[in-house]
Amino acid sequence: MHKWAGKVQADQQIPFVRYARNPDESMLHYMQRIAQAIAFAFRVEPEAFANQPGFSCITDLHVLANGIIARTWIDGTFMIESDQAYVESHQADQLFIYFFEKGTAKMAPTRTGLPIGVGDILIMDVANPGMLQQTDSINLRIIVPRSSMGPDFGDRDVHGCIIPAQAPLAGILNTFASRLMDDLPRMSMSEGVAALTMLLQLLAHATSERYQRRYQQASVRDRAEAVITHQIAQPDLSASSIAEQLGISRSTLYRAFENLDGVKNYILARRLIVAWSEIIEDPQLVLSIVAQRSGFRSSSAMKRAFNQLTDVSIEEVRDMSPQQQSAATERLSRLMIRNWELRMGKIPGRPG
């Protein structure tokens, strides 16, 4: 797989492969097959997944003359690592371009320190060491030799590069890649090659130095907010844990949130928003589950936070009609803004 040099015929069909566990196959044997399939670039431990309750991994894969495009559905946690000894001995030069459609992921190393979320695009260069862990995810990925990226790409170091979902080109790239994956069964080889070539050209522009400077040098607050968004369900989320993950001091983090009433209060407000949304979406949901999803250590702690920062109780919210809930949501937003302004001294009075 070092180089693609396939001969393209206009009416040639695009080969399709599905990796899925056979009905009578053990999970260990299936993961051993997966390990063999990706051994040209990555190392996995089949036993770690064979013993994971509820784990599953299914991949649909199309083979083009200039690259591979695949989509994988993962239930559970799946981790791969670069096998440097093998890669160096075979002079592998593939780039793995990941488009995350669902779930969470983390890679080490990355350029920004940001967690990887839905809509983000990640590039891994198998010629460099790296680890990627995904949990309950759907990812679409393109595997191409570096030479497929065109002469302007050159020797650019893109390992660990993340194009964030909020970058303008990210939406176009995600839509393009998803549509290409869905439409390949109806395409000829020449059409698939042409479409992938256009996608790679756009990706090369998105990883240009100018683009990276503009969209990947995220501010401390942007990076911290991304961590909070992805880890809001973790009760131990704090200023200390965020600062450690971002590789910055707590004082630097505190300064970034000075005009948001501090890191602690910002996290609490985000937890309340998540809890409020969960309750409105499913009024019958057990409160302990709501507390767990929003990062409160207990339902009683969540109730206390509600009573302190809102003008309604959880029980009252659950008994509201949809129209009343909509009005209460608007009232909560105004109240939280007012509390923030009071604490910051922007208006006279006391929070409440």
Measure the shortest side-chain to side-chain distance between Met107 and His159 over non-hydrogen atoms and say whether it is less than 4.5 angstrom. yes
In this structure, would Ile314 and Leu268 fall into the same cluster of hydrophobic residues linked by side-chain contacts under 4.5 Å? yes
Taking all heavy atoms of Ile69 and all of Ala177, pick out the closest pair and write down the distance. CD1-O, 3.9 Å
By side-chain contact (heavy atoms from CB on, under 4.5 Å) - contacts of Thr252 (at least two apart): Val220, Ile248, Ser249, Arg255
Leu64, Val63, Asn66 screened by side-chain contact (heavy atoms from CB on, under 4.5 Å) with Met189, the one that passes: Leu64
Treating Ser294 as the side-chain partner and Val290 as the backbone partner, does any N or O pair qualify as donor plus acceptor under 3.5 Å? yes
Would you mind telling me which of Asp183, Thr175, Asp182 makes a side-chain hydrogen bond (donor to acceptor under 3.5 Å, both in side chains) with Arg179? Asp183
Determine whether Phe96 and Ile68 make a side-chain contact, defined as any pair of heavy atoms from C-beta on separated by less than 4.5 Å. no
Main-chain N/O of Gly262 paired to Asn265 side chain as donor or acceptor, under 3.5 Å: no
Verdict with reasoning, Gln134 to Ile116, per side-chain contact (heavy atoms from CB on, under 4.5 Å): CA-CA 9 Å; Gln134 303 175 69; Ile116 303 170; over 6 Å; no
With hydrophobic residues grouped by side-chain heavy-atom distances under 4.5 Å, do Ile80 and Ile58 end up in a single group? no
Check the orientation of Phe306 and Trp276. Use parallel for under 30°, tilted for 30 to 60°, and perpendicular for over 60°. parallel
Would you say Phe78 and Met31 make side-chain contact, with heavy atoms under 4.5 Å? yes
Should Phe176 and Val144 be regarded as members of a common hydrophobic cluster, given that ILVMFWY residues are connected when their side-chain heavy atoms come within less than 4.5 Å of each other, either directly or indirectly? yes
Taking all heavy atoms of Thr59 and all of Arg141, pick out the closest pair and write down the distance. CG2-NH2, 3.7 Å
Start with the C-alpha gap between Met79 and Glu45, add the side-chain angles, then the distance that decides, and say whether side-chain contact (heavy atoms from CB on, under 4.5 Å) holds. CA-CA 8 Å; Met79 186 176 73; Glu45 300 296 337; over 6 Å; no
Shared ILVMFWY cluster between Leu199 and Met187, side chains joined below 4.5 angstrom? yes
Would the distance check show the side chain of Asp282 and the main-chain N or O of Gln284 forming a donor-acceptor pair, the cut-off being under 3.5 Å? yes
Stepwise, does the side chain to side chain donor-acceptor pair (under 3.5 Å) test hold for Ser190 with Ser188? CA-CA 5 Å; Ser190 60; Ser188 67; 3.1 Å; yes
Taking Asp75 for its side chain and Phe55 for its backbone only, find out whether a donor-acceptor pair lies under 3.5 Å. no
Using the side-chain contact (heavy atoms from CB on, under 4.5 Å) definition, which of the options Ile142, Val158, Leu200 pairs with Leu95? Val158
When rounded to the nearest 0.5 Å, the distance separating OG1 of Thr207 from CD1 of Ile162 is 13.5 Å
Determine whether Ser288 and Gln292 satisfy the following criterion, side-chain contact (heavy atoms from CB on, under 4.5 Å), listing intermediate values before the conclusion. CA-CA 6 Å; Ser288 60; Gln292 181 182 30; over 6 Å; no
According to a hydrophobic-cluster definition based on side-chain heavy atoms being under 4.5 Å apart (Ile, Leu, Val, Met, Phe, Trp, Tyr only), do Trp73 and Leu184 belong together? no
At their closest point, which heavy atom of Gln52 faces which heavy atom of Gly76, and how far apart are they? OE1-CA, 3.1 Å
Any side-chain heavy atom of Pro46 sitting closer than 4.5 Å to one from Arg33? no
Given side chains that start at C-beta, do those of Ile172 and Leu169 come closer than 4.5 Å, heavy atoms only? yes
If you compare all heavy atoms of Leu203 against all heavy atoms of Leu173, which two are closest, and at what distance to 0.1 Å? N-CD2, 3.8 Å
For atom CD of Glu25, is the number of surrounding heavy atoms from other residues, nucleotides or ligands below 6.0 Å larger than 12? yes
Tell me, with the steps shown, if Tyr266 and Arg270 meet side chain to side chain donor-acceptor pair (under 3.5 Å). CA-CA 6 Å; Tyr266 181 82; Arg270 293 289 296 273; 2.9 Å; yes
For Ser56 and Met27, work out which heavy atoms get closest and say how close. CA-CE, 4.5 Å
Can a donor-acceptor pair be found, under 3.5 Å and without considering hydrogens, that links the side chain of Asn139 to the backbone of Tyr98? no
Tell me, with the steps shown, if Asp236 and Ser241 meet side chain to side chain donor-acceptor pair (under 3.5 Å). CA-CA 8 Å; Asp236 293 329; Ser241 67; over 6 Å; no
OH (Tyr19) with more than 12 external heavy atoms under 6.0 Å: no
Phe42 and Leu132, any side-chain heavy atoms less than 4.5 Å apart: no
Tell me, do Leu285 and Arg293 make a side-chain contact under 4.5 Å, heavy atoms counted? yes
Gap between atom CG of Asn51 and atom CG of Leu28 - 0.5 Å precision: 8.0 Å
Steps toward side-chain contact (heavy atoms from CB on, under 4.5 Å) verdict (Val44, Phe49): CA-CA 9 Å; Val44 300; Phe49 309 107; 4.1 Å; yes
Answer yes or no: is there a side-chain heavy-atom contact under 4.5 Å between Gln231 and Ile242? no
How far apart are the closest heavy atoms of Gln133 and Met131, and which atoms are they? N-SD, 3.7 Å
So with a 6.0 Å cut-off around CD of Glu101, is the heavy-atom count from everything else above 12? yes
Nearest 0.5 Å, please: how far is CZ in Phe100 from CD1 in Ile138? 12.5 Å
